[in-house]
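Notes follow once the structure below has been shown.
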Amino acid sequence: MLQAESTNQQERDAATLEAARRLTAEVLRPAAAEIDRTGAYPLAQMQKLAAAGFMGISIPVLEGGSDLSFQAQAELFMILAEGCLTVAFILTQHHGCSTLFTASQNTAMRRRWLPELASGNAHGGSGFNFLNMPPERAPMLAVPVEGGYRLTGSLPWVTAAHQSDVVAAGAILPDMTQIMAAVPLRPALAAGTATIDPPMQLAGLTASDTTVIHCMDLFAPAESIILGPDPAILKATFRGATTYVPTALTIGHARAALALLDEAASRKGGPASAMAEWVRREADALQRAVLGALAADDFSRAARLRGRGNTLAARAAHFALIVGGGTGYRQAETAQRLYREAGFFSVWSVSGEIIPQTLANLLSPLE
């Protein structure tokens, strides 16, 4: 029985990763420049991801998902990020939402949302990273009332905000404990208890529709509570592969830059070859480290590997810009887009140990 389950898992993983490679080559990479140029949400690409079954990779099979192994989840994001960072990033936020729903013991809430999230019929948004901040700085507050909670405040940096059907919304209670609620956006918008700002105009990833959601005395019934109350939800909740997903994206993004370096090396050799070799060596080593940590259920290395990934993305994109010369700095060129996108990794949820680890790597000399 266990051997059969293992075989099924391996088959699901292999089939999904092969589908991701095809979709990246045929759909994501060809459209990446246009998505960046227009800043329009990549709805067609996200629909392709849903059709391929990528929206439910952390959701159990019995609840409609494909339940990939942690290693395969990370590899999937490496592959997608190599084709289009915007699309891969949007999926990470849906993935984070659905993974937390999966961790919930709220049976009614799971039954309501997990099949819809897995199929892509519902898109999940993530509004909880601020729970890592000191509670006095939390932008969303919750007050216990009969039958549930009243939420008032803001959810900063919600991706696919205008596309999301439900948001995993974090909030701080008066006693400084935390809850996370499943907030259906459409009814809240219709009732006037939620509003969404226009998408932020970012240096890169503008098409991700990342912005702020505001809640005004929004009622979250008890049956909508995903997790909590708890003093530290994110630290207490096992989230599997999501711990290493940002690092997986840095690896994929670096490999997109590596393609430019390899092309330049084939024409020029010299420094371009040396830069390509450094990126290839570091990307391969970092991938082995991430997959090894996930295979061992070792989540203690997340900050250290994230720092390496942030440095890898920054250096790889910089190298790609260098070999592109003046031509590479034009808006139509891939090198300048990768350079702008790489900066995002240095501002994406960089709390705790991640900034010191990133700086330690950036300040170290190249070998």
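Since we're looking at a predicted model, the values are computed, not measured.
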- Set of residues satisfying ring-ring contact (aromatic ring centres under 6.0 Å, His included) with respect to Y339, sequence neighbours excluded: H318
- Task: Check ring-ring contact (aromatic ring centres under 6.0 Å, His included) between F219 and all other residues, then give those that pass, not counting sequence neighbours.
- Result: none
- Salt-bridge test for D36 and R340: reply yes if a basic N is under 4.0 Å from a carboxylate O, no otherwise. yes
- Carboxylate-amine/guanidinium proximity below 4.0 Å for E282 and R315: no
- Query: So, does T211 use its side chain to make a donor-acceptor pair with the main chain of P198 at under 3.5 Å?
  - Reply: yes
- Query: Can you tell me how far CG of L312 sits from CD1 of I251, rounded to the nearest 0.5 angstrom?
  - Reply: 7.0 Å
- Message: Using 0.5 Å steps for rounding, measure from the CZ atom of R281 to the CD atom of E277.
- Response: 6.0 Å
For the residue pair [X] and [Y], what are the closest heavy atoms and their distance?
X    : Y    : value
A181 : I225 : CB-CD1, 3.9 Å
T86  : P42  : CG2-CG, 4.4 Å
P199 : D209 : CG-OD1, 3.3 Å
A171 : L151 : CB-CG, 4.4 Å
L131 : Q178 : O-NE2, 3.2 Å
S208 : F89  : CB-CD2, 4.0 Å

- Is any side-chain heavy atom of T152 less than 4.5 Å from a side-chain heavy atom of L141? no
- Query: Mind checking whether M46 and L49 have side chains closer than 4.5 Å, heavy atoms only?
  - Reply: yes
- salt bridge (Lys or Arg N to Asp or Glu O under 4.0 Å): pairs with one or both residues in residues 321-332, sequence neighbours excluded: R330-E333
- Task: Tell me yes or no: between the side chains of T195 and H214, is some donor less than 3.5 Å from an acceptor?
- Result: no
- Task: Consider only side-chain N and O atoms of N106 and S104, and report whether a donor and an acceptor are under 3.5 Å apart.
- Result: no
- Note on the structure: Applied to residues 148-186, the ring pair (Phe, Tyr, Trp, His ring centres under 6.0 Å) test, sequence neighbours excluded, yields none
- Task: Check the pair D262 / R280 against salt bridge (charged side-chain N to carboxylate O under 4.0 Å, His left out), numbers first and verdict last.
- Result: CA-CA 10 Å; D262 280 338; R280 181 176 291 104; 2.5 Å; yes
- Message: In terms of relative ring orientation, are F345 and H253 parallel, tilted or perpendicular, with 30° and 60° separating the classes?
- Response: perpendicular
- Measure the acute angle between the ring planes of W348 and F344, then classify it against the limits of 30° and 60° as parallel, tilted or perpendicular. parallel
- Quick check: are there more than 12 heavy atoms from other residues, nucleotides or ligands sitting under 6.0 Å from CD of Q105? no
- Task: Among L218, I179, L155, find the residue that satisfies the side-chain contact (heavy atoms from CB on, under 4.5 Å) test when tested with M140.
- Result: L155
- Item | From CA spacing to verdict: side-chain hydrogen bond (donor to acceptor under 3.5 Å, both in side chains), T210, T159 | CA-CA 4 Å; T210 298; T159 294; 2.9 Å; yes
Let me check something: any side-chain donor-acceptor pairs from residues 286-294 under 3.5 Å, sequence neighbours excluded? List them with distances.
unit_1	atom_1	unit_2	atom_2	d
Q287	OE1	R255	NH1	2.5
Q287	OE1	R255	NH2	2.9

- Apply the salt bridge (Lys or Arg N to Asp or Glu O under 4.0 Å) test between R110 and each candidate in E116, E63, E223; give the one that qualifies. E63
- Message: side chain to side chain contact (heavy atoms under 4.5 Å, CB included), that's the test. Do I233 and D230 meet it? Break it down for me.
- Response: CA-CA 6 Å; I233 285 175; D230 189 277; 3.8 Å; yes
- Message: Looking only at the aromatic ring of each residue, does the gap between the centers of F54 and H95 stay below 6.0 angstrom?
- Response: no
- Query: Looking at residues at least two apart in the chain, or sitting in another chain, which of them share a salt bridge (Lys or Arg N to Asp or Glu O under 4.0 Å) with D197?
  - Reply: none
